[in-house]
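Before any comments, here is the structure.
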Protein chains: 2
Amino acid sequence: MDKPKKSVRRKTSGVTIDEVAALAGVSPMTVSRAVNQGNVREETRERVMRAVRKLGYTPNVAASSLAAAQHTRIALIYANPSGAYLSELLVGLLRVASNAPVQLTIDYWENMDAEAERKAARSLASRVDGVILPPPLCESAAAVGELVKARIPVVAIASGRQGDGISCVRIDDFHAGKEMAEHLIQHGHTRIGFICGRDDLSASARRYDGFVTALHEAGLEVDPELVQRGNYTYRSGLGAAELLLAHGNPPTAIFASNDDMGAAAISVAHRRGLDVPRDLTVVGFDDTSAATTVWPELTTIHQPIAAMADAAIDILLRTIRNRNDEARPLTDHVLPHRLVERDSVARPPRGR
Amino acid sequence: MDKPKKSVRRKTSGVTIDEVAALAGVSPMTVSRAVNQGNVREETRERVMRAVRKLGYTPNVAASSLAAAQHTRIALIYANPSGAYLSELLVGLLRVASNAPVQLTIDYWENMDAEAERKAARSLASRVDGVILPPPLCESAAAVGELVKARIPVVAIASGRQGDGISCVRIDDFHAGKEMAEHLIQHGHTRIGFICGRDDLSASARRYDGFVTALHEAGLEVDPELVQRGNYTYRSGLGAAELLLAHGNPPTAIFASNDDMGAAAISVAHRRGLDVPRDLTVVGFDDTSAATTVWPELTTIHQPIAAMADAAIDILLRTIRNRNDEARPLTDHVLPHRLVERDSVARPPRGR
DNA sequence: TTGAAAGCGCTAACAC
DNA sequence: GTGTTAGCGCTTTCAA
């Protein structure tokens, strides 16, 4: 059974490509090609794959990245541990990374000023080949600028301005915002309150623009008093909703530009004795866990975060391998969003 | 500058061990030892480390795992995408995995019955060297049993019974529950409602036992009507809190065995016109994002999830490398928890 | 305490 | 379409 190996070194437990090759009666190279979608005759591939299945072969990622000299270090930097969002992103990233010659690392940049960000970015640049930047960091001129200067490819998730020299993976926030506003209008709402996100995030501005456009197209005015500033936190949503509902002529619907603030609006409504959605309609954005840990659950916009993670790594890998070509095209990848209807929307109360 | 390499193959961007060795005037082997805490004269180590810093050398994890034949595949299997919790766990796991010869993969087992779990476990067993199992999977006899049968080391996070042949990393749920109950008692509460977690999870039972013990030690009775069943979801917390507050002689405090249900209790209280914490005290457990996306923010028990992730990988690696020793000691690693005081606790209203 | 040789499992390059 | 050769960057083993 145990054929004596020439090597003195200890072996890993797993099945190797050579064993598969032997069983399939081909060379290891052919197995490699068959497994990695290379050019192999269909018949040969069949035979190889049968051997693969029989032996339960899984490629050793370490070996393949080493051999391909394609070992790529990609860092995900996050600044606000917005739970659900990050978790989905990570899951998506990990799913890709564990099947690709990619070493994923994560860094947490907490409360850094511009100078600290610049320093952190410089240090990062020497350690990684590519960076994934979710909001809000992807809009930090300091962080992005330094990374770009170091010629490290950067992909911004869900936000970011392409003009900064980085690629973006995002949804169409403008149309998503417009669609959500239209959803509200279709339900008969005409006085709609809006809770903004952080005004330094471009996605936030795009959502607002979509909202405004929908209202205008429906022949509705945007009452400036019905637009309140938030910063994406639950707490900020509380204040904004409070102002909206204390208005002499309050809105019949509130469009919060993320779920946390939407959840906050529901809480404020309840404390004011309003039933949601009977007395007040509330919608959120992002479809994070905050949308479902409230009652009623929030109607919201779903972002395909896992797919965005996929796309981000793909873009990074492509860019990195193109290193020699001086022209590194910047990508702006827009993925489809989806309006998720739940229980927080109804027609406005009668008489309004 | 560019010494012509003998090799035709393209090179990776990074600094290699040979360059460091050359600069430090030692052999690559010495650099390896210096970097990996091997036996090197202090003076030599100094010199090597200087070169490392100067060049910005980072070991190529792929190469080192390959050479050490230590490449280890570890899978994290999750079943309930409980956002915040998972995200913290992943972050912790990734932090360790990216600096160790570990390939982390994740799998999502959604709504599987016992048979499906068994099948998935068998397939997993052929692909990985170790498994990390957060709740609720770590208490699934099917999943755990099959993995143990395949001699795959398993570490349960935050739950699990050691008797099942697996190692555990957890906090002391009993004492945490007791401590929280004592916190409530110290604030003067004597009628305390309890919302249970899933009764198939041992951690849940331990929290309850701690609660009961604290009450008994304080000479208080446990009113069975004040103990309601939940299943860790927000929705279940809604129902349980409703029952608690509809009671003829309602509790002045509610102890929910996780944050989601605690948040639900707050929502129910608000809709019944109660102020939290003035009229009702509510506490949660776990310190997930749900604890802070409510108002008032929940007093809760913090679990050191990142540290638990660390410990889990450590245990797995140790166990796997011990493969030859027939005796694989099972570990039960208990980490310290922390009671986090926020704004949802006050003394009971007067006259109660 | 340090170095030299060999090879971990895989794939790029180049034949055929 | 397939095989051969030569390493990827590191660490094991063994010798000095």
Side-chain angles (χ1 to χ4, degrees), chain A residues 4-22 24-48 52 55 57-73 99-103 129 321 324, chain B residues 4-22 24-48 52 55 57-73 99-101 103 129 321:
Chain A
K5 294 276 175 197
K6 60 193 164 196
S7 165
V8 249
R9 308 188 65 179
R10 78 163 182 268
K11 254 198 86 236
T12 315
S13 45
V15 179
T16 74
I17 202 170
D18 297 272
E19 304 175 45
V20 177
V26 295
S27 77
M29 200 53 234
T30 302
V31 176
S32 170
R33 281 192 271 255
V35 171
N36 300 298
Q37 339 288 356
N39 276 337
V40 194
R41 207 188 317 144
E42 196 45 53
E43 187 190 318
T44 317
R45 159 170 284 122
E46 265 310 316
R47 195 144 37 91
V48 170
V52 165
L55 261 29
Y57 167 73
T58 350
N60 179 324
V61 187
S64 72
S65 15
L66 186 59
Q70 283 189 358
H71 185 87
T72 309
R73 290 180 242 249
N99 294 305
V102 168
Q103 185 192 349
D129 307 302
R321 287 183 194 160
N324 308 324
Chain B
K5 295 274 174 200
K6 59 195 164 194
S7 163
V8 250
R9 309 187 66 180
R10 78 164 181 266
K11 254 198 86 239
T12 315
S13 44
V15 179
T16 73
I17 202 171
D18 297 272
E19 305 175 47
V20 178
V26 295
S27 78
M29 204 46 240
T30 302
V31 175
S32 170
R33 280 193 271 255
V35 170
N36 300 299
Q37 339 288 357
N39 276 339
V40 193
R41 205 185 321 141
E42 196 45 52
E43 186 191 318
T44 318
R45 160 170 285 124
E46 264 311 317
R47 195 143 38 91
V48 171
V52 164
L55 262 28
Y57 167 73
T58 350
N60 180 324
V61 186
S64 67
S65 18
L66 185 58
Q70 284 190 356
H71 185 87
T72 309
R73 289 180 244 248
N99 294 306
Q103 185 190 349
D129 308 300
R321 288 186 193 158

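In what follows, chains carry the letters A, B, and so on, assigned in the order in which the sequence lines appear, proteins first and then strands, with residues in each chain numbered from 1. All heavy atoms count here, side chains included; hydrogens, waters and symmetry mates do not.
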Taking only N and O in the side chain of [X], is any of them less than 4.0 Å away from OP1 or OP2 of [N]?
X: Asn39(B); N: dT2(C); result: no
X: Thr30(B); N: dG3(C); result: yes
X: Ser27(A); N: dT4(D); result: no
X: Thr44(A); N: dT2(D); result: yes
X: Asn60(A); N: dC8(C); result: no
X: Ser32(A); N: dT11(C); result: yes

Measuring from the side chain of [X] (C-beta onward, heavy atoms only), which nucleotide among [options] has the closest atom?
X: Val26(B); options: dG9(D), dC10(D), dG3(C); result: dG3(C)
X: Ser64(B); options: dG9(D), dG1(D), dT11(D); result: dT11(D)
X: Met29(B); options: dT12(D), dC10(C), dC8(C); result: dT12(D)

Handout entry: Chi angles and distances behind the side-chain contact (heavy atoms from CB on, under 4.5 Å) call for Thr58(A), Arg73(B)
Key = CA-CA 11 Å; Thr58(A) 350; Arg73(B) 289 180 244 248; 4.0 Å; yes
Problem - Asn60(A) (side chain) donor-acceptor with Ala62(A) (main chain) under 3.5 angstrom - result: yes
Practice task
Using atom types as modelled and distance alone, determine if a side-chain donor or acceptor of Arg45(B) lies under 3.5 Å from a backbone N or O of Gly38(B).
Solution key: yes
Exercise for the section: Report yes if some heavy atom in the side chain of Val20(A) is under 4.5 Å from a heavy atom in the side chain of Thr16(A); otherwise report no. Expected result: no
Fill in the blank from the handout: Result for 5'-nearest mapping on DNA chain C, choosing between Val31(A) and Arg45(B), is Arg45(B)
Practice task
Please lay out, stage by stage, how Thr44(B) and Thr30(B) fare under the test side-chain contact (heavy atoms from CB on, under 4.5 Å).
Solution key: CA-CA 8 Å; Thr44(B) 318; Thr30(B) 302; 3.8 Å; yes
Return the value, rounded to whole Å, for the distance between atom [atom1] of [X] and atom [atom2] of [N].
X: Gln37(A); N: dG1(D); atom1: CD; atom2: P; answer: 15 Å
X: Ile17(B); N: dT12(D); atom1: CD1; atom2: C1'; answer: 13 Å
X: Leu66(A); N: dT11(C); atom1: CG; atom2: C1'; answer: 10 Å

Problem - base_contact_polar (dG3(D) base, Arg33(A) side chain, donor-acceptor, <3.5 Å) - result: yes
Handout entry: Contact nearer the 5' end of DNA chain D, comparing Arg47(A) with Pro28(B)
Key = Arg47(A)
